[in-house]
Amino acid sequence: MSIRVRFAPSPTGFFHIGSARTALFNWLYARHHGGKFILRIEDTDRERNTDDALRVLLEGMRWLGLDWDEGPEAGGEYGPYFQSERNAIYDKHLQILRDKGLAYDHEGAVFFKVSGEPQVINDLVRGRVERKEEKDFVIYRSNGSPVFHFVNVVDDMTMGITDVIRGEDHLSNTSKHCELFKAFGVEPPRFGHIPLILKQQGPGKMSKRDAGSLIEEYDHRHFIPAAVRNYLALLGWSPKDNREILSAEELVSLFDLSGVTKNNAKFDERKLSFINAQYLHALPAAEYLELARSYLKKANWRDEETRSPDNKYLDEVLLLCQEKLHAVDSIPAFIDYFFVFDYQYAPKAVKKIMKKGDPVQRVREFVEAASQLEEWTEAALEKCITTLAEANGVGTGEYIHPCRLGVSGTNAGPGFYGLLVVLGKDRTLERLQRFVENPPVVVG
RNA sequence: GUCCCCUUCGUCUAGCCCGGCCUAGGACACCAGGUUUUCAUCCUGGCGACAGGGGUUCGAAUCCCCUAGGGGACGCCA
């Protein structure tokens, strides 16, 4: 029988990172085994704005590249895929239990009569787990609506779910679910309980309120979806061969529940950032430019620069800095000086550079030599600096450092010669002229 | 309180099932050098862990037991 798994989120208006990881593991499992990945919406809570909440969820899924074979917008033969539309199915199944004498009314609610037998599951992740369900539990509230455990089992059963992959927080619920499956005379599906994601500081699992816990945040910050997906895959799963940067195709072919860890994993935003940076550096130019520009526009960074779709200077600047960046949302701070003349000199850079040798004199010499240059290329500039350094018996750094400070106001940035080339001859000389005439002073 | 799950570097993990190849491997972070051009790039190196205690065994990170710690579930929430 071909594998059918489902991701069954409740639309809350947020797409939590833990849910996303559960969705990802289900998706990988389905794709790896050539099965079906079903999206089922547990929208029984009418209080929330379900339209909006659903949109957040679907957008998050798409952003991560998790496509579903059945569910909202995709349809399928096992619908409806919204719990709110399945009441007739639930009622019918309640009647089945009633007929078997396994459901009874008490204080207005309907209780399920447990067998009290130990329930054994051979969990795909954790191995044999045994637990006994001692007490009868409510399956229909006194207001007539079915509760989670009941609908969950009925849905899995009627949708032909073969494997239930979910968070470990459901492990203790599984005995209830097994009781129900058996009451219906149905063999329970296989279960795989994956570890939880713990908050990086303090005790407990990650919650909506923790920083970095929402997928939409990474979208807004223009993280690369493939990077987030890659990081999430590594939380609680390992390919066991020391590889970490893995494409969707590689993840699909390598993933299986046997590689899933039993212990909970702490969320580590630094590792996520690292992986995101790897993806950022590896991005093809066109894709990178599109991503960067869309972020700048969204962040309202210098409208006059981002307005035109072919601002060549902006593109050159962005490309020059690509390999240095950690994240897209750090671009504005990193490139701003390319676009203004009145940038400030960073105190710590001034302190570091202005104290050594005679920086103003070195810059003065460079301005003089560079203004004679006919070709403004990396090779020509390098030759120019090397020649000056040799002639004056000093290292090239004596020129490069103050010049960088002069044209950018900082001591960090892209490769020096590339920097000057992108800035162009006019901007470079103009900036250095200002530096010579009004050099920064060390304070403190 | 009851029940369930887990326990290798600060963090994510490999190794554990099938004990010896483990003086425990990789990655992030951190630190130090290098790239005689910066650094938020890149390269090299360093730091750093088998929770504790009992067994079993010639031999245990690997098997068993106990303790401790962490997490989760115990709702007419999902």
Side-chain angles (χ1 to χ4, degrees), chain A residues 8-12 19 42-45 47 83 106-111 121 123 125-127 129-135 137-149 151-152 167-176 193 195-198 200-201 203-205 231 234-245 258-259 261-275 277-278 280-281 321-327 330 333-334 349 352-353 381-382 385-386 389 395-405 408 410-420:
Chain A
S10 158
T12 55
S19 304
E42 308 211 334
D43 60 342
T44 47
D45 190 346
E47 308 284 301
Q83 286 188 338
H106 183 63
E107 292 184 0
V110 183
F111 279 70
I121 63 167
D123 195 276
V125 174
R126 336 194 77 82
V129 178
E130 181 180 323
R131 189 174 183 276
K132 210 190 299 181
E133 201 59 42
E134 313 263 5
K135 291 190 307 189
F137 56 90
V138 172
I139 52 175
Y140 263 69
R141 300 181 188 88
S142 46
N143 71 5
S145 65
V147 310
F148 166 73
H149 300 299
V151 298
N152 201 264
E168 201 235 47
D169 49 344
H170 285 293
L171 189 54
S172 315
N173 290 331
T174 309
S175 46
K176 284 191 180 71
H193 287 92
L196 303 181
I197 299 177
L198 269 27
Q200 63 183 345
Q201 273 160 6
K205 58 176 177 174
Y231 173 70
L234 260 19
L235 268 189
W237 172 80
S238 155
K240 299 176 189 281
D241 63 357
N242 288 342
R243 284 198 290 165
E244 294 201 314
I245 303 297
S258 58
T261 346
K262 291 181 181 151
N263 42 314
N264 295 340
K266 223 170 243 179
F267 177 76
D268 183 1
E269 114 245 52
R270 290 174 306 183
K271 181 110 183 195
L272 204 204
S273 296
F274 168 79
I275 291 178
Q278 299 299 300
L280 187 56
H281 298 160
C321 298
Q322 181 180 8
E323 63 166 12
K324 298 285 177 178
L325 294 166
H326 276 171
S330 67
F334 200 80
K352 192 168 175 183
I353 291 161
L381 287 162
E382 183 166 4
I385 295 251
T386 315
T396 52
E398 299 250 344
Y399 288 90
I400 289 169
H401 300 321
C403 284
R404 174 189 294 282
L405 178 64
S408 72
T410 174
N411 65 322
F416 180 66
Y417 301 115
L419 166 64
L420 297 194

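So that the names make sense, note that chain A is the first sequence line, chain B the second, and so on, each numbered from 1.
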Reckon [X] touches a base, only the sugar-phosphate, or nothing at all at heavy-atom distances under 4.0 Å?
| X | answer |
| --- | --- |
| A/Tyr231 | nothing |
| A/Ser273 | nothing |
| A/Gly415 | base |
| A/Gly236 | sugar-phosphate |
| A/Leu235 | sugar-phosphate |
| A/Arg404 | base |

Q | Contact pattern, 5' to 3', of nucleotides 62-76 of chain B - B, S or - by protein heavy atom under 4.0 Å | A | ---------BBS--B
Q | Partner of A/His193 by side chain to side chain contact (heavy atoms under 4.5 Å, CB included), out of A/Val129, A/Val125, A/Asp123 | A | A/Asp123
With rounding to whole Å, what would you report as the distance between [N] and [M] at their [atom1] atoms?
| N | M | atom1 | answer |
| --- | --- | --- | --- |
| B/G55 | B/G15 | C1' | 23 Å |
| B/G19 | B/U11 | P | 29 Å |
| B/A60 | B/A24 | P | 16 Å |
| B/C12 | B/C30 | C1' | 16 Å |
| B/G75 | B/C17 | P | 39 Å |
| B/A27 | B/A49 | C1' | 15 Å |
| B/C42 | B/A29 | P | 9 Å |

Q. Counting only Watson-Crick or G-U wobble pairs whose two distances fall under 3.5 Å, which nucleotide matches B/G1?
A. B/C74
Q: Grab the two heavy atoms, one from A/Phe334 and one from A/Pro414, that are nearest each other, plus how far apart they are.
A: CE2-CD, 4.2 Å
Q: Write down the atom of A/Asn173, the atom of A/Phe148, and the distance for their closest heavy-atom approach.
A: ND2-CE2, 4.4 Å
Q: Return the nearest nucleotide to the side chain of A/Phe416; candidates are B/C4, B/U37, B/C6.
A: B/U37
Can you check nucleotides 26-35 of chain B for protein contacts, nitrogen or oxygen pairs under 3.5 Å, and list what you find?
{"unit_1": "B/G26", "atom_1": "O4'", "unit_2": "A/Asn242", "atom_2": "ND2", "d": "3.4"}
{"unit_1": "B/A27", "atom_1": "O2'", "unit_2": "A/Glu244", "atom_2": "OE1", "d": "2.4"}
{"unit_1": "B/A27", "atom_1": "O2'", "unit_2": "A/Lys271", "atom_2": "NZ", "d": "2.9"}
{"unit_1": "B/A27", "atom_1": "N3", "unit_2": "A/Lys271", "atom_2": "NZ", "d": "3.3"}
{"unit_1": "B/A29", "atom_1": "O2'", "unit_2": "A/Arg270", "atom_2": "NH1", "d": "3.0"}

Q.
Under a plain distance cut-off of 3.5 Å, with no hydrogens placed, do A/Arg141 and A/Ser145 share a side-chain donor-acceptor pair?
A. yes
Q: Specify the separation, in whole Å, of atom CD of A/Gln322 and atom C1' of B/C42.
A: 15 Å
Q. For B/G10, does OP1 or OP2 lie under 4.0 Å from any side-chain N or O of A/Lys266?
A. no
